[in-house]
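Input: a single structure, listed below in C-alpha coordinates.
Below, all heavy atoms of this structure are taken into account, side chains as well, without hydrogens, waters or symmetry copies. All values reported here derive from a predicted model rather than from experimental measurement.
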Amino acid sequence: MKPALPKGTRDFGPLETARRRYIFETIRNQFELFGYQALETPAMENLTTLTGKYGDEGDRLIFKILNSGDFLQEVREKNASLDAPSAILPMISEKALRYDLTVPFARFVVMNREKLAFPFKRYQMQPVWRADRPQKGRYREFWQCDADVVGSASLLNEAELIQIYDRVFHQLGLPVNILVNNRKILSGMAEVAGVPERLTELTVALDKLDKIGWEKVVEEMQQKGIPENALKTIEPITRLSGSNTGKLQQLEQLLQGSTIGLAGIRELRELLSFFGPEGKLELLNAKIDLDLSLARGLNYYTGTILEVKARNIAFGSIGGGGRYDDLTGIFGLQGVPGVGISFGADRIYDILLDQNLFPASQTTGTRILIASLEISERNDGLVLLQQLRNAGIAAEIFPEPTKLRKQFEYAEKKGIPYLALYGPDEVKSGVVNLKKLSSGKQVNVPLEAIHEIESYFEEES
RNA sequence: GUGGUUAUAGCUCAGUUGGUUAGAGCGCUAGUUUGUGGCACUAGAGGCCGUGGGUUCGAGCCCCAUUAGCCACCCCA
(Lines give C-alpha, C1' and ligand atoms only; values in the text may rest on other atoms or scores of the structure.)
Protein backbone atom coordinates (compact mmCIF):
# COMPACT_ATOMS: atom_id res chain seq x y z
CA MET A 1 0.00 0.00 0.00
CA LYS A 2 1.34 3.38 -0.98
CA PRO A 3 0.97 5.95 1.77
CA ALA A 4 -1.07 8.97 0.78
CA LEU A 5 -3.08 11.82 2.24
CA PRO A 6 -6.82 12.28 1.78
CA LYS A 7 -7.63 14.78 -0.92
CA GLY A 8 -7.30 18.39 0.14
CA THR A 9 -5.43 17.74 3.40
CA ARG A 10 -1.82 18.50 4.29
CA ASP A 11 0.93 17.53 6.69
CA PHE A 12 2.78 20.35 8.39
CA GLY A 13 6.47 19.59 8.92
CA PRO A 14 8.62 21.19 11.65
CA LEU A 15 9.37 24.34 9.65
CA GLU A 16 5.78 24.83 8.50
CA THR A 17 4.50 24.23 12.00
CA ALA A 18 6.86 26.83 13.44
CA ARG A 19 5.74 29.36 10.85
CA ARG A 20 2.08 28.62 11.31
CA ARG A 21 2.50 28.94 15.05
CA TYR A 22 4.07 32.37 14.49
CA ILE A 23 0.94 33.48 12.65
CA PHE A 24 -1.46 31.96 15.16
CA GLU A 25 0.35 33.42 18.15
CA THR A 26 0.46 36.88 16.58
CA ILE A 27 -3.30 36.73 16.09
CA ARG A 28 -3.95 35.21 19.50
CA ASN A 29 -1.96 37.95 21.25
CA GLN A 30 -4.06 40.70 19.72
CA PHE A 31 -7.34 38.89 20.34
CA GLU A 32 -6.43 38.59 24.01
CA LEU A 33 -5.16 42.18 24.23
CA PHE A 34 -8.61 43.28 23.15
CA GLY A 35 -10.34 41.14 25.75
CA TYR A 36 -11.44 38.21 23.62
CA GLN A 37 -11.48 34.85 25.39
CA ALA A 38 -10.60 31.47 23.95
CA LEU A 39 -13.29 28.97 23.07
CA GLU A 40 -12.91 25.48 21.67
CA THR A 41 -15.73 23.33 20.41
CA PRO A 42 -15.75 19.68 19.28
CA ALA A 43 -14.64 18.69 15.79
CA MET A 44 -18.04 17.11 15.30
CA GLU A 45 -21.51 18.51 15.79
CA ASN A 46 -24.93 16.96 15.47
CA LEU A 47 -25.81 16.94 11.81
CA THR A 48 -29.05 18.76 12.60
CA THR A 49 -27.06 21.60 14.18
CA LEU A 50 -25.29 22.24 10.90
CA THR A 51 -27.77 21.52 8.13
CA GLY A 52 -29.78 24.41 6.77
CA LYS A 53 -27.34 27.03 8.05
CA TYR A 54 -25.17 27.41 4.96
CA GLY A 55 -27.65 27.18 2.13
CA ASP A 56 -28.12 24.26 -0.27
CA GLU A 57 -24.61 24.62 -1.61
CA GLY A 58 -23.19 24.58 1.91
CA ASP A 59 -25.19 21.54 3.01
CA ARG A 60 -23.70 19.60 0.16
CA LEU A 61 -20.19 20.46 1.38
CA ILE A 62 -20.67 19.27 4.97
CA PHE A 63 -18.63 16.17 5.80
CA LYS A 64 -21.07 13.67 7.27
CA ILE A 65 -19.97 11.00 9.70
CA LEU A 66 -21.34 7.52 9.14
CA ASN A 67 -23.09 6.05 12.20
CA SER A 68 -21.17 3.39 14.09
CA GLY A 69 -22.21 -0.25 14.08
CA ASP A 70 -24.84 -1.42 11.66
CA PHE A 71 -25.43 1.93 10.04
CA LEU A 72 -27.87 0.47 7.52
CA GLN A 73 -30.22 -0.99 10.12
CA GLU A 74 -32.79 1.80 9.97
CA VAL A 75 -32.70 1.87 6.18
CA ARG A 76 -33.59 -1.82 6.10
CA GLU A 77 -36.25 -1.54 8.78
CA LYS A 78 -38.01 1.29 7.00
CA ASN A 79 -37.35 -0.32 3.65
CA ALA A 80 -36.24 3.09 2.40
CA SER A 81 -35.64 3.67 -1.26
CA LEU A 82 -32.00 4.08 -2.21
CA ASP A 83 -33.09 6.49 -4.94
CA ALA A 84 -33.69 9.25 -2.38
CA PRO A 85 -30.30 9.95 -0.81
CA SER A 86 -31.55 12.98 1.09
CA ALA A 87 -34.16 10.85 2.84
CA ILE A 88 -31.62 8.15 3.69
CA LEU A 89 -28.99 10.53 5.03
CA PRO A 90 -30.53 11.10 8.48
CA MET A 91 -30.89 7.34 8.90
CA ILE A 92 -27.21 6.59 8.38
CA SER A 93 -25.56 9.75 9.73
CA GLU A 94 -26.33 11.82 12.79
CA LYS A 95 -23.00 13.64 13.21
CA ALA A 96 -20.88 15.83 10.95
CA LEU A 97 -17.55 17.67 11.03
CA ARG A 98 -17.86 21.38 11.77
CA TYR A 99 -18.06 23.50 8.64
CA ASP A 100 -17.13 26.81 10.22
CA LEU A 101 -16.64 28.27 13.70
CA THR A 102 -19.58 30.63 13.67
CA VAL A 103 -22.44 28.16 13.93
CA PRO A 104 -20.79 26.16 16.76
CA PHE A 105 -20.22 29.51 18.48
CA ALA A 106 -23.89 30.44 18.11
CA ARG A 107 -24.85 27.04 19.53
CA PHE A 108 -22.49 27.59 22.47
CA VAL A 109 -23.91 31.02 23.22
CA VAL A 110 -27.48 29.73 23.24
CA MET A 111 -26.61 26.74 25.43
CA ASN A 112 -24.69 28.88 27.93
CA ARG A 113 -26.65 32.12 27.83
CA GLU A 114 -27.24 32.12 31.60
CA LYS A 115 -23.56 31.85 32.46
CA LEU A 116 -22.03 34.28 30.01
CA ALA A 117 -21.21 37.92 30.67
CA PHE A 118 -22.55 40.02 27.82
CA PRO A 119 -21.19 41.50 25.67
CA PHE A 120 -19.48 38.15 25.23
CA LYS A 121 -16.20 38.34 23.31
CA ARG A 122 -14.71 35.07 22.21
CA TYR A 123 -12.02 33.95 19.82
CA GLN A 124 -11.59 30.51 18.33
CA MET A 125 -8.76 29.04 16.26
CA GLN A 126 -9.55 25.55 15.08
CA PRO A 127 -9.67 23.51 11.88
CA VAL A 128 -12.86 23.22 9.87
CA TRP A 129 -13.73 20.76 7.11
CA ARG A 130 -15.47 21.17 3.79
CA ALA A 131 -16.10 18.50 1.15
CA ASP A 132 -15.13 20.98 -1.54
CA ARG A 133 -13.01 20.23 -4.56
CA PRO A 134 -9.55 21.48 -3.60
CA GLN A 135 -7.57 23.98 -5.64
CA LYS A 136 -5.07 26.74 -5.11
CA GLY A 137 -5.54 28.27 -1.67
CA ARG A 138 -8.49 26.01 -0.98
CA TYR A 139 -8.36 22.91 1.18
CA ARG A 140 -10.73 20.33 2.63
CA GLU A 141 -9.23 20.84 6.07
CA PHE A 142 -8.20 24.37 6.96
CA TRP A 143 -7.93 26.60 9.98
CA GLN A 144 -10.10 29.54 10.83
CA CYS A 145 -9.20 32.21 13.38
CA ASP A 146 -12.40 33.95 14.40
CA ALA A 147 -13.18 36.67 16.90
CA ASP A 148 -16.80 37.60 17.58
CA VAL A 149 -18.60 39.76 20.08
CA VAL A 150 -22.28 39.17 20.75
CA GLY A 151 -24.68 41.16 22.84
CA SER A 152 -23.60 44.61 21.72
CA ALA A 153 -24.84 46.70 18.83
CA SER A 154 -22.23 49.43 19.25
CA LEU A 155 -20.10 50.31 16.26
CA LEU A 156 -17.14 50.60 18.60
CA ASN A 157 -16.91 46.82 18.30
CA GLU A 158 -16.40 47.12 14.55
CA ALA A 159 -13.78 49.82 15.12
CA GLU A 160 -11.87 47.62 17.54
CA LEU A 161 -12.00 44.66 15.19
CA ILE A 162 -10.53 46.89 12.49
CA GLN A 163 -7.78 47.76 14.95
CA ILE A 164 -7.10 44.08 15.53
CA TYR A 165 -6.70 43.54 11.80
CA ASP A 166 -4.40 46.57 11.63
CA ARG A 167 -2.19 45.47 14.51
CA VAL A 168 -1.91 41.83 13.46
CA PHE A 169 -0.89 42.63 9.91
CA HIS A 170 1.39 45.40 11.10
CA GLN A 171 3.19 42.88 13.30
CA LEU A 172 3.38 40.40 10.46
CA GLY A 173 4.94 43.12 8.30
CA LEU A 174 2.20 42.94 5.69
CA PRO A 175 0.62 46.24 4.57
CA VAL A 176 -3.12 45.80 4.05
CA ASN A 177 -6.19 47.65 2.97
CA ILE A 178 -9.33 47.06 4.96
CA LEU A 179 -12.36 47.25 2.72
CA VAL A 180 -15.58 48.29 4.40
CA ASN A 181 -19.17 48.49 3.31
CA ASN A 182 -22.55 48.12 4.89
CA ARG A 183 -25.28 45.68 4.03
CA LYS A 184 -27.86 48.41 4.49
CA ILE A 185 -26.29 50.40 1.70
CA LEU A 186 -26.61 47.38 -0.56
CA SER A 187 -30.25 47.08 0.48
CA GLY A 188 -30.66 50.77 -0.28
CA MET A 189 -29.17 50.29 -3.71
CA ALA A 190 -31.59 47.45 -4.44
CA GLU A 191 -34.40 49.64 -3.18
CA VAL A 192 -33.68 52.71 -5.30
CA ALA A 193 -33.07 50.41 -8.27
CA GLY A 194 -36.57 49.07 -7.75
CA VAL A 195 -35.54 45.47 -7.09
CA PRO A 196 -35.48 45.14 -3.27
CA GLU A 197 -36.45 41.47 -3.49
CA ARG A 198 -33.39 40.66 -5.61
CA LEU A 199 -30.86 41.75 -3.01
CA THR A 200 -29.08 38.38 -2.84
CA GLU A 201 -28.54 37.98 -6.57
CA LEU A 202 -27.55 41.62 -6.81
CA THR A 203 -24.90 41.38 -4.12
CA VAL A 204 -23.48 38.07 -5.29
CA ALA A 205 -22.93 39.52 -8.76
CA LEU A 206 -21.75 42.90 -7.52
CA ASP A 207 -19.18 41.28 -5.24
CA LYS A 208 -17.31 40.09 -8.32
CA LEU A 209 -16.91 43.58 -9.74
CA ASP A 210 -13.20 44.05 -9.05
CA LYS A 211 -12.50 40.56 -10.31
CA ILE A 212 -14.44 40.33 -13.56
CA GLY A 213 -15.37 43.94 -14.42
CA TRP A 214 -18.66 45.74 -14.83
CA GLU A 215 -19.62 44.22 -18.15
CA LYS A 216 -19.49 40.68 -16.84
CA VAL A 217 -21.39 41.73 -13.73
CA VAL A 218 -24.10 43.16 -15.99
CA GLU A 219 -24.13 39.91 -17.93
CA GLU A 220 -24.65 37.88 -14.78
CA MET A 221 -27.35 40.20 -13.47
CA GLN A 222 -29.22 40.11 -16.75
CA GLN A 223 -29.02 36.33 -16.70
CA LYS A 224 -30.65 36.39 -13.27
CA GLY A 225 -33.41 38.60 -14.66
CA ILE A 226 -32.53 41.92 -13.09
CA PRO A 227 -34.00 44.59 -15.37
CA GLU A 228 -31.89 46.99 -17.40
CA ASN A 229 -33.09 50.18 -15.74
CA ALA A 230 -32.16 48.78 -12.33
CA LEU A 231 -28.62 48.29 -13.62
CA LYS A 232 -28.59 51.88 -14.89
CA THR A 233 -29.33 53.07 -11.36
CA ILE A 234 -26.65 50.93 -9.79
CA GLU A 235 -23.79 51.59 -12.17
CA PRO A 236 -23.06 55.19 -11.14
CA ILE A 237 -22.95 54.09 -7.50
CA THR A 238 -20.21 51.57 -8.20
CA ARG A 239 -18.27 54.22 -10.11
CA LEU A 240 -18.07 56.66 -7.20
CA SER A 241 -14.49 57.64 -6.48
CA GLY A 242 -12.51 59.89 -4.18
CA SER A 243 -12.08 59.87 -0.43
CA ASN A 244 -14.26 57.77 1.82
CA THR A 245 -16.15 60.81 3.10
CA GLY A 246 -16.47 62.15 -0.44
CA LYS A 247 -17.97 58.90 -1.63
CA LEU A 248 -20.44 58.87 1.23
CA GLN A 249 -21.52 62.41 0.42
CA GLN A 250 -22.27 61.55 -3.20
CA LEU A 251 -23.90 58.31 -2.16
CA GLU A 252 -26.22 60.20 0.16
CA GLN A 253 -27.70 61.98 -2.84
CA LEU A 254 -28.11 58.79 -4.84
CA LEU A 255 -29.81 56.92 -2.00
CA GLN A 256 -32.18 59.76 -0.98
CA GLY A 257 -35.23 57.58 -1.54
CA SER A 258 -34.16 54.76 0.74
CA THR A 259 -34.47 54.94 4.51
CA ILE A 260 -32.40 51.81 5.01
CA GLY A 261 -29.73 53.05 2.62
CA LEU A 262 -29.37 56.30 4.55
CA ALA A 263 -29.14 54.34 7.79
CA GLY A 264 -26.23 52.45 6.28
CA ILE A 265 -24.52 55.70 5.42
CA ARG A 266 -24.96 56.95 9.00
CA GLU A 267 -23.42 53.77 10.37
CA LEU A 268 -20.43 53.97 8.06
CA ARG A 269 -19.87 57.62 8.96
CA GLU A 270 -19.92 56.76 12.64
CA LEU A 271 -17.51 53.88 12.15
CA LEU A 272 -15.08 55.97 10.11
CA SER A 273 -15.25 58.81 12.62
CA PHE A 274 -13.46 56.68 15.22
CA PHE A 275 -10.37 56.96 13.02
CA GLY A 276 -10.99 60.46 11.71
CA PRO A 277 -9.50 63.74 12.93
CA GLU A 278 -11.99 63.88 15.83
CA GLY A 279 -11.62 60.20 16.59
CA LYS A 280 -9.64 58.65 19.39
CA LEU A 281 -8.53 55.42 17.75
CA GLU A 282 -5.34 55.04 15.74
CA LEU A 283 -4.27 52.79 12.92
CA LEU A 284 -0.64 51.73 12.64
CA ASN A 285 -0.54 50.92 8.98
CA ALA A 286 -3.81 49.71 7.48
CA LYS A 287 -5.85 51.91 5.16
CA ILE A 288 -9.60 51.84 5.39
CA ASP A 289 -11.17 51.84 1.97
CA LEU A 290 -14.89 52.23 1.39
CA ASP A 291 -15.78 49.73 -1.34
CA LEU A 292 -19.43 49.97 -2.39
CA SER A 293 -19.26 46.75 -4.38
CA LEU A 294 -18.08 44.73 -1.40
CA ALA A 295 -20.84 42.30 -0.50
CA ARG A 296 -19.50 38.92 0.71
CA GLY A 297 -21.66 35.96 0.09
CA LEU A 298 -22.83 35.27 3.61
CA ASN A 299 -26.45 36.17 3.89
CA TYR A 300 -26.57 36.53 7.63
CA TYR A 301 -24.68 39.82 7.53
CA THR A 302 -26.98 42.74 8.26
CA GLY A 303 -24.71 45.76 8.84
CA THR A 304 -21.01 46.47 8.50
CA ILE A 305 -19.08 44.25 6.08
CA LEU A 306 -15.29 43.95 6.27
CA GLU A 307 -12.68 42.40 4.06
CA VAL A 308 -8.88 42.53 4.21
CA LYS A 309 -6.59 42.52 1.20
CA ALA A 310 -2.83 42.72 0.98
CA ARG A 311 -1.83 46.08 -0.46
CA ASN A 312 -0.42 45.99 -3.99
CA ILE A 313 -0.59 42.22 -4.20
CA ALA A 314 -3.28 40.40 -6.14
CA PHE A 315 -4.16 37.56 -3.85
CA GLY A 316 -7.83 37.38 -2.90
CA SER A 317 -9.00 38.16 0.59
CA ILE A 318 -7.04 37.16 3.67
CA GLY A 319 -9.70 38.03 6.16
CA GLY A 320 -13.30 39.08 6.40
CA GLY A 321 -16.19 39.66 8.68
CA GLY A 322 -19.28 41.60 9.40
CA ARG A 323 -22.23 42.36 11.61
CA TYR A 324 -25.20 40.05 12.03
CA ASP A 325 -28.26 40.93 14.04
CA ASP A 326 -29.67 37.52 14.67
CA LEU A 327 -27.14 34.71 14.50
CA THR A 328 -28.52 32.90 17.54
CA GLY A 329 -32.10 33.21 16.32
CA ILE A 330 -31.80 29.89 14.49
CA PHE A 331 -31.28 28.22 17.87
CA GLY A 332 -34.18 30.04 19.48
CA LEU A 333 -32.43 33.00 21.12
CA GLN A 334 -33.68 36.23 19.56
CA GLY A 335 -32.32 39.72 19.68
CA VAL A 336 -28.62 39.05 20.23
CA PRO A 337 -26.71 41.28 17.83
CA GLY A 338 -23.10 40.49 17.05
CA VAL A 339 -20.14 41.27 14.88
CA GLY A 340 -17.12 39.17 14.04
CA ILE A 341 -14.00 38.82 11.94
CA SER A 342 -11.99 35.94 10.60
CA PHE A 343 -8.37 35.52 9.58
CA GLY A 344 -7.59 33.18 6.67
CA ALA A 345 -4.52 31.65 8.27
CA ASP A 346 -3.69 29.37 5.36
CA ARG A 347 -3.73 32.20 2.86
CA ILE A 348 -1.76 34.46 5.19
CA TYR A 349 0.84 31.71 5.35
CA ASP A 350 1.02 31.52 1.55
CA ILE A 351 1.35 35.27 1.18
CA LEU A 352 4.01 35.70 3.90
CA LEU A 353 6.01 32.94 2.27
CA ASP A 354 5.60 34.52 -1.14
CA GLN A 355 6.67 37.94 0.17
CA ASN A 356 9.49 36.47 2.23
CA LEU A 357 8.11 37.96 5.44
CA PHE A 358 8.73 35.14 7.88
CA PRO A 359 11.43 36.03 10.44
CA ALA A 360 14.71 34.49 9.34
CA SER A 361 16.22 33.72 12.71
CA GLN A 362 14.76 30.77 14.47
CA THR A 363 14.06 31.54 18.08
CA THR A 364 12.63 28.20 19.08
CA GLY A 365 13.99 24.69 18.94
CA THR A 366 17.22 23.18 20.18
CA ARG A 367 19.92 25.77 20.99
CA ILE A 368 22.84 23.45 21.69
CA LEU A 369 23.87 20.04 20.46
CA ILE A 370 26.42 18.16 22.53
CA ALA A 371 28.65 16.04 20.31
CA SER A 372 30.75 13.14 21.39
CA LEU A 373 33.13 10.61 19.90
CA GLU A 374 32.98 7.85 22.49
CA ILE A 375 30.54 6.40 24.97
CA SER A 376 32.49 7.65 27.99
CA GLU A 377 32.56 11.14 26.50
CA ARG A 378 28.83 11.01 25.78
CA ASN A 379 28.17 10.00 29.36
CA ASP A 380 30.25 12.93 30.61
CA GLY A 381 28.11 15.08 28.36
CA LEU A 382 24.94 13.98 30.16
CA VAL A 383 25.94 16.13 33.13
CA LEU A 384 26.27 19.13 30.87
CA LEU A 385 23.02 18.25 29.14
CA GLN A 386 21.04 18.31 32.34
CA GLN A 387 22.59 21.55 33.50
CA LEU A 388 21.58 23.18 30.27
CA ARG A 389 18.02 21.92 30.48
CA ASN A 390 17.76 22.91 34.14
CA ALA A 391 18.80 26.39 33.06
CA GLY A 392 15.95 26.41 30.58
CA ILE A 393 18.13 26.06 27.50
CA ALA A 394 16.85 23.58 24.93
CA ALA A 395 19.66 21.08 24.46
CA GLU A 396 20.18 17.62 23.11
CA ILE A 397 23.00 15.14 22.86
CA PHE A 398 23.73 12.94 19.88
CA PRO A 399 22.76 9.52 21.20
CA GLU A 400 25.38 7.44 19.45
CA PRO A 401 28.93 8.72 19.54
CA THR A 402 30.16 9.00 15.98
CA LYS A 403 32.19 11.12 13.61
CA LEU A 404 31.96 14.82 14.29
CA ARG A 405 31.08 15.41 10.67
CA LYS A 406 27.82 13.58 11.08
CA GLN A 407 26.95 15.50 14.22
CA PHE A 408 27.77 18.81 12.59
CA GLU A 409 25.54 17.99 9.67
CA TYR A 410 22.73 17.02 12.01
CA ALA A 411 22.99 20.36 13.82
CA GLU A 412 23.21 22.24 10.54
CA LYS A 413 20.15 20.56 9.08
CA LYS A 414 18.10 21.03 12.21
CA GLY A 415 19.05 24.67 12.58
CA ILE A 416 20.79 24.22 15.94
CA PRO A 417 23.00 27.30 16.39
CA TYR A 418 25.62 25.93 18.83
CA LEU A 419 27.65 22.74 19.11
CA ALA A 420 29.32 21.78 22.38
CA LEU A 421 32.30 19.51 22.89
CA TYR A 422 32.92 18.15 26.34
CA GLY A 423 35.71 15.60 25.98
CA PRO A 424 38.48 14.46 28.34
CA ASP A 425 40.48 17.70 27.96
CA GLU A 426 37.48 19.90 28.75
CA VAL A 427 36.43 17.73 31.69
CA LYS A 428 39.95 18.02 33.10
CA SER A 429 39.96 21.82 32.92
CA GLY A 430 36.29 22.25 33.78
CA VAL A 431 35.26 24.01 30.59
CA VAL A 432 32.96 23.42 27.65
CA ASN A 433 34.21 24.00 24.15
CA LEU A 434 31.43 25.81 22.37
CA LYS A 435 31.20 26.58 18.70
CA LYS A 436 28.74 28.82 16.91
CA LEU A 437 27.99 27.14 13.63
CA SER A 438 27.03 30.20 11.63
CA SER A 439 30.34 32.01 12.29
CA GLY A 440 32.66 29.11 13.10
CA LYS A 441 33.78 31.00 16.17
CA GLN A 442 34.78 28.84 19.10
CA VAL A 443 35.27 29.59 22.80
CA ASN A 444 35.91 27.74 26.04
CA VAL A 445 33.23 28.44 28.62
CA PRO A 446 33.64 27.54 32.28
CA LEU A 447 31.22 24.79 33.23
CA GLU A 448 29.61 26.92 35.96
CA ALA A 449 28.84 29.65 33.47
CA ILE A 450 27.08 27.34 31.08
CA HIS A 451 23.68 28.99 31.52
CA GLU A 452 25.10 32.22 30.12
CA ILE A 453 26.31 30.39 27.08
CA GLU A 454 24.73 32.69 24.52
CA SER A 455 26.18 35.84 26.04
CA TYR A 456 29.63 34.68 24.93
CA PHE A 457 28.61 35.26 21.36
CA GLU A 458 26.45 38.31 21.80
CA GLU A 459 28.91 40.91 20.58
CA GLU A 460 28.94 39.40 17.09
CA SER A 461 25.36 39.08 15.96
C1' G B 1 -21.52 19.75 -9.73
C1' U B 2 -18.91 21.59 -14.83
C1' G B 3 -14.44 22.12 -17.79
C1' G B 4 -9.06 21.92 -18.74
C1' U B 5 -4.36 19.75 -17.81
C1' U B 6 -0.59 16.52 -15.93
C1' A B 7 1.42 11.55 -14.20
C1' U B 8 9.22 8.86 -15.61
C1' A B 9 14.42 8.00 -9.16
C1' G B 10 13.19 10.86 -2.48
C1' C B 11 12.64 16.11 -5.22
C1' U B 12 12.71 19.08 -10.02
C1' C B 13 12.61 17.43 -14.76
C1' A B 14 14.94 15.36 -19.89
C1' G B 15 13.76 11.13 -22.88
C1' U B 16 14.00 12.41 -30.93
C1' U B 17 9.33 9.73 -36.42
C1' G B 18 7.67 3.67 -31.54
C1' G B 19 13.72 0.32 -31.66
C1' U B 20 18.21 -3.21 -27.75
C1' U B 21 20.69 -2.10 -20.98
C1' A B 22 15.50 4.70 -19.36
C1' G B 23 19.11 9.68 -18.19
C1' A B 24 20.59 14.61 -15.69
C1' G B 25 20.77 18.04 -11.59
C1' C B 26 19.74 18.25 -6.52
C1' G B 27 19.19 15.06 -2.34
C1' C B 28 20.78 10.31 0.06
C1' U B 29 24.92 6.61 1.62
C1' A B 30 30.17 5.89 1.94
C1' G B 31 35.28 7.43 1.24
C1' U B 32 39.44 11.19 0.59
C1' U B 33 39.62 13.42 6.49
C1' U B 34 39.68 8.71 13.92
C1' G B 35 38.54 16.54 17.88
C1' U B 36 35.77 20.33 13.82
C1' G B 37 30.48 20.86 9.34
C1' G B 38 29.39 24.01 4.86
C1' C B 39 33.56 23.54 -0.47
C1' A B 40 35.87 20.03 -3.77
C1' C B 41 36.83 15.19 -5.76
C1' U B 42 35.65 9.76 -6.01
C1' A B 43 32.40 5.67 -5.60
C1' G B 44 27.54 3.66 -4.56
C1' A B 45 22.33 2.81 -3.68
C1' G B 46 17.75 4.09 -5.71
C1' G B 47 12.72 3.37 -11.43
C1' C B 48 6.83 -2.63 -12.96
C1' C B 49 7.88 4.99 -16.67
C1' G B 50 0.34 6.10 -11.86
C1' U B 51 -2.93 1.49 -12.75
C1' G B 52 -5.58 -1.89 -16.25
C1' G B 53 -6.47 -3.21 -21.15
C1' G B 54 -5.44 -2.61 -26.55
C1' U B 55 -2.50 -1.73 -31.34
C1' U B 56 2.51 -3.60 -32.86
C1' C B 57 7.72 -8.10 -34.37
C1' G B 58 8.65 -4.30 -30.59
C1' A B 59 5.37 0.81 -26.27
C1' G B 60 8.02 5.54 -21.36
C1' C B 61 6.29 7.33 -26.38
C1' C B 62 0.23 5.57 -30.10
C1' C B 63 -5.30 4.27 -28.67
C1' C B 64 -9.18 3.25 -24.82
C1' A B 65 -10.48 3.02 -19.80
C1' U B 66 -9.43 4.06 -14.75
C1' U B 67 -7.22 6.43 -10.48
C1' A B 68 -4.68 10.46 -8.41
C1' G B 69 -2.57 15.41 -8.46
C1' C B 70 -2.82 20.40 -10.20
C1' C B 71 -5.66 24.58 -12.39
C1' A B 72 -10.16 27.28 -13.65
C1' C B 73 -15.63 27.87 -13.05
C1' C B 74 -19.49 27.50 -9.21
C1' C B 75 -18.92 28.60 -4.24
C1' C B 76 -15.76 30.04 -0.58
C1' A B 77 -11.34 31.07 3.61
Side-chain angles (χ1 to χ4, degrees), chain A residues 1-10 13 23 27 54-62 98-102 125-146 200 203-205 207-208 211-212 216 220 223-224 295-299 306-309 315-322 340-351 369-374 377-378 381 398 401-427 432-444:
Chain A
M1 183 197 93
K2 251 191 243 171
L5 283 170
K7 190 198 290 275
T9 66
R10 300 153 293 164
I23 295 172
I27 296 171
Y54 309 106
D56 291 344
E57 185 83 14
D59 282 358
R60 214 165 43 82
L61 299 180
I62 294 171
R98 68 168 164 255
Y99 178 90
D100 69 359
L101 301 178
T102 309
M125 306 199 291
Q126 288 188 282
V128 302
W129 294 269
R130 294 183 189 178
D132 211 346
R133 188 173 290 199
Q135 53 180 277
K136 194 186 187 73
R138 178 193 277 182
Y139 308 96
R140 290 185 141 189
E141 178 186 68
F142 62 97
W143 288 65
Q144 289 192 330
C145 308
D146 283 19
T200 305
T203 52
V204 167
D207 199 39
K208 298 174 188 165
K211 206 172 162 189
I212 62 176
K216 297 261 179 183
E220 182 170 334
Q223 230 164 39
K224 301 231 164 111
R296 297 184 63 78
L298 298 170
N299 271 319
L306 299 169
E307 188 160 299
V308 184
K309 289 195 166 166
F315 203 90
S317 79
I318 50 179
I341 59 168
S342 181
F343 286 84
D346 297 275
R347 285 185 182 170
I348 293 170
Y349 178 94
D350 289 346
I351 207 166
L369 176 73
I370 303 168
S372 59
L373 293 152
E374 291 173 43
E377 191 180 337
R378 186 205 63 185
F398 209 79
T402 179
K403 292 183 188 43
L404 283 181
R405 176 198 178 97
K406 235 186 145 148
Q407 303 181 61
F408 267 110
E409 282 172 356
Y410 174 78
E412 186 80 22
K413 193 171 280 187
K414 203 167 167 179
I416 301 172
Y418 302 100
L419 188 128
L421 284 171
Y422 190 59
D425 292 349
E426 284 83 4
V427 172
V432 178
N433 187 274
L434 193 67
K435 178 164 181 168
K436 184 170 190 175
L437 270 70
S438 58
S439 62
K441 193 180 168 192
Q442 215 159 340
V443 293
N444 278 326

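Listed by chain and residue number, A:Arg138 satisfy the salt bridge (Lys or Arg N to Asp or Glu O under 4.0 Å) test with A:Asp132 (two or more places apart in sequence, or in another chain).
B:U16: no Watson-Crick or G-U partner with both key distances under 3.5 Å is found in any strand. Searching all strands for a Watson-Crick or G-U wobble partner of B:C76 with both distances below 3.5 Å returns nothing. Of all nucleotides present, none satisfies the Watson-Crick or G-U wobble test against B:G38 with each distance under 3.5 Å.
Residue-level contact check: A:Gly137 touches the bases, meaning some heavy atom is under 4.0 Å from a base atom. Heavy atoms of A:Glu377 sit nowhere under 4.0 angstrom from any nucleic acid atom. Using a 4.0 Å heavy-atom cutoff across all strands shown, A:Gly320 reaches no nucleic acid atom at all. No engagement by A:Leu61 is indicated, since no non-hydrogen atom pair under 4.0 Å with the nucleic acid exists. Within 4.0 Å (heavy atoms only), A:Asn433 reaches at least one base atom of the nucleic acid. Residue A:Tyr139 is in base contact, counting any heavy-atom pair closer than 4.0 Å across all strands shown.
Atom name P, nucleotides B:U16 and B:U55: the rounded distance is 24 Å, in whole Å. Here, B:U2 and B:C75 have their C1' atoms 13 Å apart, quoted to the whole Å. For B:C57 and B:A22, the P atoms lie 23 Å apart once the distance is rounded to whole Å.
In this structure, A:Lys7 does not reach the B:A68 phosphate: none of its side-chain N or O atoms is under 4.0 Å from OP1 or OP2. An OP1 or OP2 oxygen of B:C73 is reached within less than 4.0 angstrom by no side-chain nitrogen or oxygen of A:Lys208. For the OP1/OP2 pair of B:C71 and a distance below 4.0 Å, the side-chain nitrogens and oxygens of A:Gln135 include no atom meeting the criterion.
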TODO: Begin from the C-alpha positions of A:Asn444 and A:Glu426 and carry the test side-chain hydrogen bond (donor to acceptor under 3.5 Å, both in side chains) through to its verdict.
DONE: CA-CA 8 Å; A:Asn444 278 326; A:Glu426 284 83 4; over 6 Å; no
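A donor and an acceptor atom never sit less than 3.5 Å apart when one is taken from the side chain of A:Gln407 and the other from the base of B:U36.
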Could you run down the sub-3.5 Å N/O contacts of the protein with nucleotides 28-31 of chain B?
{"residue": "B:C28", "atom": "OP1", "partner": "A:Lys413", "partner atom": "NZ", "Å": "2.9"}
{"residue": "B:G31", "atom": "OP1", "partner": "A:Lys403", "partner atom": "NZ", "Å": "3.1"}

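One interatomic measurement links the two molecules: CD1 of A:Ile318 to P of B:A77, which rounds to 14 Å at whole-angstrom precision. Between A:Leu5 atom CG and B:G69 atom P the separation is 10 Å, expressed in whole Å.
Taking the charged nitrogens against the carboxylate oxygens, A:Arg60 and A:Glu57 do have a contact shorter than 4.0 Å, which makes a salt bridge. Under the 4.0 Å criterion applied to side-chain N and carboxylate O atoms, A:Lys216 and A:Glu220 are not assigned as salt-bridge partners.
Out of B:G1, B:U36, B:G35, the shortest distance to the side chain of A:Pro424 is found at B:G35.
Centre separation under 5.5 Å together with a plane angle under 30° does not hold for the ring of A:Phe408 and the six-membered base ring of B:G38, so they are not marked as stacked.
The environment of CD in A:Gln135 is crowded: more than 12 heavy-atom neighbours from other residues, nucleotides or ligands sit within 6.0 Å.
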